[in-house]
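These notes are about the structure you will find just below.
Within every chain, numbering begins at 1; the chains are lettered A, B, ... in the order of the sequence lines, protein sequences first and strands thereafter.
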2 protein chains.
Amino acid sequence: MSGTGGTPRTTRIQALNKELILNAALEVFSSYGFRGATVDQIATKCGLSKPNLLYYFRRKEDIYVAVLEHTLQDWLDPLRSLDPAGEPLEEITRYIRSKIRMSRENPKASRLFANEILHGAPAITDYLKGPLKLLVDEKAAVIRRWSAEGRLRPIEPHHLIFAIWATTQHYADFDVQVHALIGTPPDLMDTAEAALTSLFVEGLRPR
Amino acid sequence: MSGTGGTPRTTRIQALNKELILNAALEVFSSYGFRGATVDQIATKCGLSKPNLLYYFRRKEDIYVAVLEHTLQDWLDPLRSLDPAGEPLEEITRYIRSKIRMSRENPKASRLFANEILHGAPAITDYLKGPLKLLVDEKAAVIRRWSAEGRLRPIEPHHLIFAIWATTQHYADFDVQVHALIGTPPDLMDTAEAALTSLFVEGLRPR
DNA sequence: TTAATTCTTGATCGGATGGTCAAGTCCGGT
DNA sequence: ACCGGACTTGACCATCCGATCAAGAATTAA
């Protein structure tokens, strides 16, 4: 019995195929954007037929939203783990390192968000103004306290957070430009990490 | 006579309408990207008919490329004016200021490029690997010399340039997110400028 | 095995959109 | 005024693409 309450059971095949679809969708959407991507592309990439995709997700937009939400979860973990009880400069260094690592390991997720926000974030405005703002304001307060205690050079915390986001995600979002300008040295991201951490640490170290 | 050499004369109406089209196209392409924009949207925005647009630009892509090139010209002026003979920290401060001003005054141009590069820069790879790389390498050499002379904390110049681009353009490209997180205070960009200049100057000032 | 349910897809529809064309209107030079 | 070229556009075409549906295949529960 599939539940008198009407709860649709999740079958083995469902879980498998939804996973397949979301993986393929991340690749396609991150490369071409929502409008630029086609359901057929995603279907081909994961070896399913187009009508089959639309059996699991009724509309193209549903796939897109699902990918966004699926990816949003871990995207903010690094910021969440910024420890108010830690040493300010160490915490910020650690934060930059994890953001750089995410840019290297999951550039597609970065580009997916970049594209979404660039186009006005129609699918995630609620998220931006809700959970994200809450988290950011909370961490901004921590940074502000560090500054007040003289453990960090005074800086407007939100702008510091923006600066860290911008610089680290730049290597994922604009990697075509980066590679056009400095090629593809094997230690590119290590050099980037070193440059950014030193820049921020020295820029933030109290006199 | 319109020239025996076949040189097509540019009439008054041509100049006027091409200008109209390019202005409308910048708005539309920067909002929706190449795929997302429609010729009809551009036509409506500038009060011309769709076939009329395609009389001046044969294909949609021609409009897009024309807008890109038209905008690329002034986009790099600030970097060009980085003066090797100037005081390093002053020059970099001035550069950040002009980049911030461009983000405020012409965010559409910034978003147009961001979108283009995000999607692999199919229309401007030659430009990136050619003229842009030349300019950037030249200025990187200047920065490297400043560091060697002890007038700047040692830093990998290309990554410094990336960091300045990323942080300043962030306010144009991701302004939806910025406003979702800190609202729209009238002095937003002034505060941003202050935060960024202090961060970079202190991060780069030699010990 | 059997029957119900879930899964899969070829065929197709309908709207959107880039691009064409023929027929007309406007403008500038003489 | 007149003429040739520049400009403008309504109607149209071809294609792409999201979405639907009916019919059949596979899976599961009994």
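By the salt bridge (Lys or Arg N to Asp or Glu O under 4.0 Å) test, B:Arg12 is found to be paired with no residue, residues two or more places apart in sequence or in another chain being considered. Partners of B:Arg97 according to the salt bridge (Lys or Arg N to Asp or Glu O under 4.0 Å) rule, which considers only residues two or more places apart in sequence or in another chain, are B:Glu193.
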In a table with atom names and distances, give each donor-acceptor pair under 3.5 Å that connects a side chain of residues 20-31 of chain B to protein atoms at least two apart or in another chain.
{"residue": "B:Glu27", "atom": "OE1", "partner": "B:Lys45", "partner atom": "NZ", "Å": "3.3"}
{"residue": "B:Ser30", "atom": "OG", "partner": "B:Leu26", "partner atom": "O", "Å": "2.8"}
{"residue": "B:Ser30", "atom": "OG", "partner": "B:Glu27", "partner atom": "O", "Å": "3.1"}
{"residue": "B:Ser31", "atom": "OG", "partner": "B:Glu27", "partner atom": "O", "Å": "2.9"}

Taking only distance into account, with no hydrogens and no angle test, what donor-acceptor pairs under 3.5 Å do side-chain atoms of residues 154-161 of chain A form with protein atoms, sequence neighbours excluded?
{"residue": "A:Glu156", "atom": "OE2", "partner": "A:Arg144", "partner atom": "NH2", "Å": "3.3"}
{"residue": "A:His158", "atom": "NE2", "partner": "A:Asp137", "partner atom": "OD1", "Å": "2.9"}
{"residue": "A:His159", "atom": "ND1", "partner": "B:Tyr171", "partner atom": "OH", "Å": "2.5"}

Show me the side-chain donor-acceptor pairs of residues 35-42 of chain A shorter than 3.5 Å, one per line, residues at least two apart or across chains.
{"residue": "A:Thr38", "atom": "OG1", "partner": "A:Gln41", "partner atom": "N", "Å": "3.0"}
{"residue": "A:Gln41", "atom": "OE1", "partner": "A:Thr38", "partner atom": "N", "Å": "3.0"}

Run the side-chain donor-acceptor check on residues 84-91 of chain B: report pairs under 3.5 Å with partners two or more places apart or on a different chain.
{"residue": "B:Glu91", "atom": "OE1", "partner": "B:Asp83", "partner atom": "N", "Å": "2.8"}
{"residue": "B:Glu91", "atom": "OE1", "partner": "B:Arg94", "partner atom": "NH2", "Å": "2.6"}

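Among residues at least two apart or in separate chains, ring-ring contact (aromatic ring centres under 6.0 Å, His included) pairs with a member in residues 70-91 of chain A are A:Trp75-A:Phe113.
Of the candidates C:dG19, C:dT6, D:dT9, the closest approach to any side-chain atom of A:Thr11 belongs to C:dT6. Ranking C:dC27, C:dG28, D:dT27 by closeness to the B:Arg12 side chain, first place goes to C:dG28.
Enclosure of atom NZ in B:Lys129 is not indicated, since only 12 or fewer non-hydrogen atoms of other residues, nucleotides or ligands lie within 6.0 angstrom.
Across residues 16-43 of chain A, A:Ala37, A:Thr38, A:Val39 each have a non-hydrogen atom less than 4.0 Å from an atom of DNA chain D (numbered order). Of the residues in residues 51-70 of chain A, those placing a heavy atom less than 4.0 Å from an atom of DNA chain D are A:Pro51, A:Leu54, A:Arg59, A:Lys60, in numerical order.
Note on A:Gln14: every side-chain N or O is 4.0 Å or more away from OP1 and OP2 of C:dT6.
We find that NZ of A:Lys50 is positioned 12 Å from C1' of C:dG10, with the value rounded to whole Å. Nucleotide D:dT27 holds its P atom 6 Å from the CD1 atom of A:Ile13, rounded to whole Å.
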